[in-house]
Amino acid sequence: MKATMKDVAALANVGLGTVSRVINGVKVKDVTREKVEAAIAELNYEPNEYARGLKTNRTNTVALILPTIWHPFFSEYAYYVETELTKSNYKMLLCNADDDLAKERDYIQMVKQNKVDGLIAITYSDIDPFVSADLPIVSIDRHFTEDVCYVTSNNFAGGQLAAKELITRGSKKIGFIGSISAHHNETTKRLSGFKEYCEGNAIDYAVLEMIEPINDFEQQVTDFFTANPSLDGLFVMNDLMAVDVIDYLMLETNQKIGETIQIIGFDGASLVKGRSKLLSTIAQPVQELAKVSVKNILKLISGEEVIKRSVLPVTFHEGKTTFEKMIKKD
């Protein structure tokens with residue numbers, strides 16, 4: 001027969017209220033806590049999480065919305081979010097949205113109905129009408145009409161850094177390839193930073209921005225290279241799109257990646273843990289993004305104030321798709 005809270009209280013020689021306080025993390029005298037914890041261990045007592053949830057109006061669960069689990073960056077981010085939540089005795093409920101507005105709307109409704117305590121979201125769906133600032137929600141990159149807390153990498157600095165690395169490594173004419181979402185988000189600043197660096201340093205550059213959803217990727221890329229035959233350096237909006245561009249160049253042209261043309265992506269997720277990256281990329285601090293996101297969502301759940309906009313630094317990670325760095329001679 002499973003032990004009950006009464007059994008714990010009797011063995012520790014304390015009241016039921018004291019056992020409840022220890023289980024829920026409320027401060028009690030050290031000697032009392034030690035007695036209760038010893039009784040819990042001896043009886044192998046397991047608290048009824050459902051009953052606790054009814055009393056505290058908490059589920060100790062946070063939902064994470066991802067556009068897809070197939071994207072390496074999203075998968076790595078989810079891993080670190082779950083790791084951070086576990087440290088605070090929270091569980092993660094994963095929603096693989098797959099651009100399904102109904103799914104995302106249902107998860108927001110779960111927050112409103114207290115079925116989950118909060119929501120962390122990477123979303124490109126039209127959920128703005130269902131989001132409000134009084135709900136415990138943390139957004140990654142995405143802006144909403146209401147003042148929702150969001151966490152992002154320094155996309156503008158990342159664009160500047162990509163342009164600088166291409167030029168420093170010997171490119172003469174560089175280009176940007178990316179896409180435009182209907183929903184305003186921080187990723188558009190990657191192009192802004194790239195352009196500012198080029199224009200501030202009198203660098204010849206070209207831009208290809210494709211409207212999402214992209215239905216004719218190869219044709220648009222073909223037209224872009226046809227119009228700009230002298231391109232010898234590319235900054236691509238994200239790593240997966242960079243891989244698509246590399247595939248195109250290898251199949252359709254005589255370009256040798258890392259030799260005749262260099263390519264830098266953006267994200268820097270680890271495809272295989274512990275392995276070096278093949279693609280040169282502007283790396284987002286994935287683990288730190290997860291830490292800040294979880295810290296903020298737990299504060300919002302507790303009714304605490306949070307910083308509405310957190311911007312984290314990015315770094316350049318060298319792979320095999322860029323030239324060796326040129327060394328200036330005195």
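Side-chain atoms are counted along with the backbone in the values below, which use heavy atoms only and exclude waters and symmetry mates.
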Shortest non-hydrogen contact from A63 toward Y107 | CB-CD2, 3.6 Å
Is it true that L191 and V311 fall in one hydrophobic cluster, defined by side-chain heavy atoms closer than 4.5 Å?
-> no
Using modelled atom types only, decide if a donor and an acceptor are shared between the side chain of S171 and the backbone of I174 within a distance under 3.5 Å.
-> no
Report yes or no: do D223 and T226 form a side-chain donor-acceptor pair below 3.5 Å?
-> no
Per the side-chain contact (heavy atoms from CB on, under 4.5 Å) rule, which among V151, D117, L119, I120 passes with I297?
-> I120
Check the pair V22 / V19 against side chain to side chain contact (heavy atoms under 4.5 Å, CB included), numbers first and verdict last.
-> CA-CA 5 Å; V22 171; V19 176; 5.9 Å; no
Intermediate values then yes/no, side chain to side chain donor-acceptor pair (under 3.5 Å), Y124 and E212 = CA-CA 10 Å; Y124 305 109; E212 297 177 4; over 6 Å; no
Identify whether Y150 and I137 are in the same connected component of the hydrophobic contact network (ILVMFWY, side-chain heavy atoms under 4.5 Å).
-> no
When you measure from the side chain of D141 to the backbone N and O of T187, does any donor-acceptor pair fall under 3.5 Å?
-> no
Are I301 and Y90 side-chain neighbours, meaning at least one heavy-atom pair lies under 4.5 Å?
-> yes
Whether over 12 other heavy atoms sit under 6.0 Å from K173 NZ | yes
Would you kindly say whether Y80 and E288 are connected by a side-chain donor-acceptor distance under 3.5 Å?
-> no
Do side-chain atoms of E218 reach the backbone of Y248 as a donor and acceptor pair under 3.5 angstrom?
-> no
V306 side chain reached by V138 side chain, heavy atoms, under 4.5 Å = no
From I40 atom CD1 to L11 atom CG, the distance as rounded to the nearest 0.5 Å = 10.5 Å
R190 side chain to N155 side chain, donor-acceptor N/O pair below 3.5 angstrom = yes
Side-chain donor-acceptor pair present, Y77, Q284, cut-off under 3.5 Å = no
side-chain contact (heavy atoms from CB on, under 4.5 Å) with F316: which of T281, T168, I282?
-> I282
Rounded to the nearest 0.5 Å, the CG atom of D267 sits from the CG atom of D239 at a distance of 5.0 Å
Out of curiosity, does I214 fall in the hydrophobic cluster containing I211 (side-chain heavy atoms, cut-off under 4.5 Å, transitive links)?
-> no
With the side chain counted from C-beta on, respond yes when K27 and R21 share a heavy-atom pair under 4.5 Å apart, and no when they do not.
-> no
Could you grab the distance from atom NE2 of H71 to atom CG of L66, nearest 0.5 Å is fine?
-> 10.5 Å
Side chain to side chain, S125 and D100, heavy atoms closer than 4.5 Å = no
In terms of ring plane angle, is the pair F266 and F235 parallel, tilted or perpendicular, where the classes change at 30° and 60°?
-> tilted
Heavy-atom closest contact (A269 atom, E76 atom, distance) = CA-OE1, 3.2 Å
With side chain to side chain contact (heavy atoms under 4.5 Å, CB included) as the test, would you mind laying out the steps for F144 and T123 before giving the verdict?
-> CA-CA 11 Å; F144 292 98; T123 172; 4.0 Å; yes
Using a cut-off of 6.0 Å, state whether more than 12 heavy atoms not belonging to N254 lie near its atom CG.
-> no
Side chains of I127 and L101 in contact at under 4.5 Å (non-hydrogen atoms) | yes
All heavy atoms of C149 vs all of N296, minimum pair found to be SG-ND2, 3.6 Å
Nearest heavy-atom contact between K112 and L135 is CE-CD1, 3.6 Å
A163 versus C198, closest heavy-atom pair with distance | CB-SG, 4.3 Å
Non-hydrogen atoms of G258 and F323 that approach each other most closely = O-CD2, 3.3 Å
Transitive ILVMFWY side-chain link I263 to F217, under 4.5 Å = yes
Can I203 and L166 be said to form a side chain to side chain contact (heavy atoms under 4.5 Å, CB included), step by step?
-> CA-CA 11 Å; I203 295 163; L166 290 170; over 6 Å; no
Nearest 0.5 Å please: distance from the CG atom of L234 over to the CG atom of L249.
-> 7.0 Å
Step through the shown structure and confirm whether more than 12 heavy atoms of other residues, nucleotides or ligands are within 6.0 Å of CD1 on I307.
-> no
Spacing of CG belonging to N154 relative to CD belonging to Q160, to within rounding of 0.5 Å | 8.0 Å
Output yes when a side-chain donor or acceptor of S280 lies under 3.5 Å from a complementary backbone atom of E318, and no otherwise.
-> no
Can you get from V236 to I180 by hopping between Ile, Leu, Val, Met, Phe, Trp and Tyr side chains that sit under 4.5 Å apart?
-> no
Check ion pair K103-D106 (N to O, under 4.0 angstrom) = no
Does the T61 side chain pair with the main chain of T59, one donor and one acceptor, at a distance under 3.5 Å?
-> yes
Answer yes or no: is there a side-chain heavy-atom contact under 4.5 Å between S179 and M237?
-> yes
Roughly how far, to the nearest 0.5 Å, is CG of L94 from CZ of F74?
-> 12.0 Å
Got L240 and W70 here, is their nearest side-chain heavy-atom distance under 4.5 Å?
-> no
Polar side-chain atom of N96 near backbone of I69 as donor-acceptor pair, under 3.5 Å | yes
Quick one: do L16 and K6 satisfy side chain to side chain contact (heavy atoms under 4.5 Å, CB included)? Show the steps, please.
-> CA-CA 6 Å; L16 280 173; K6 286 183 179 179; 3.9 Å; yes
K295 vs K291 side-chain heavy atoms within contact, under 4.5 Å = no
Might you confirm whether atom CD of E304 has over 12 heavy atoms from other residues, nucleotides or ligands at distances under 6.0 Å?
-> yes
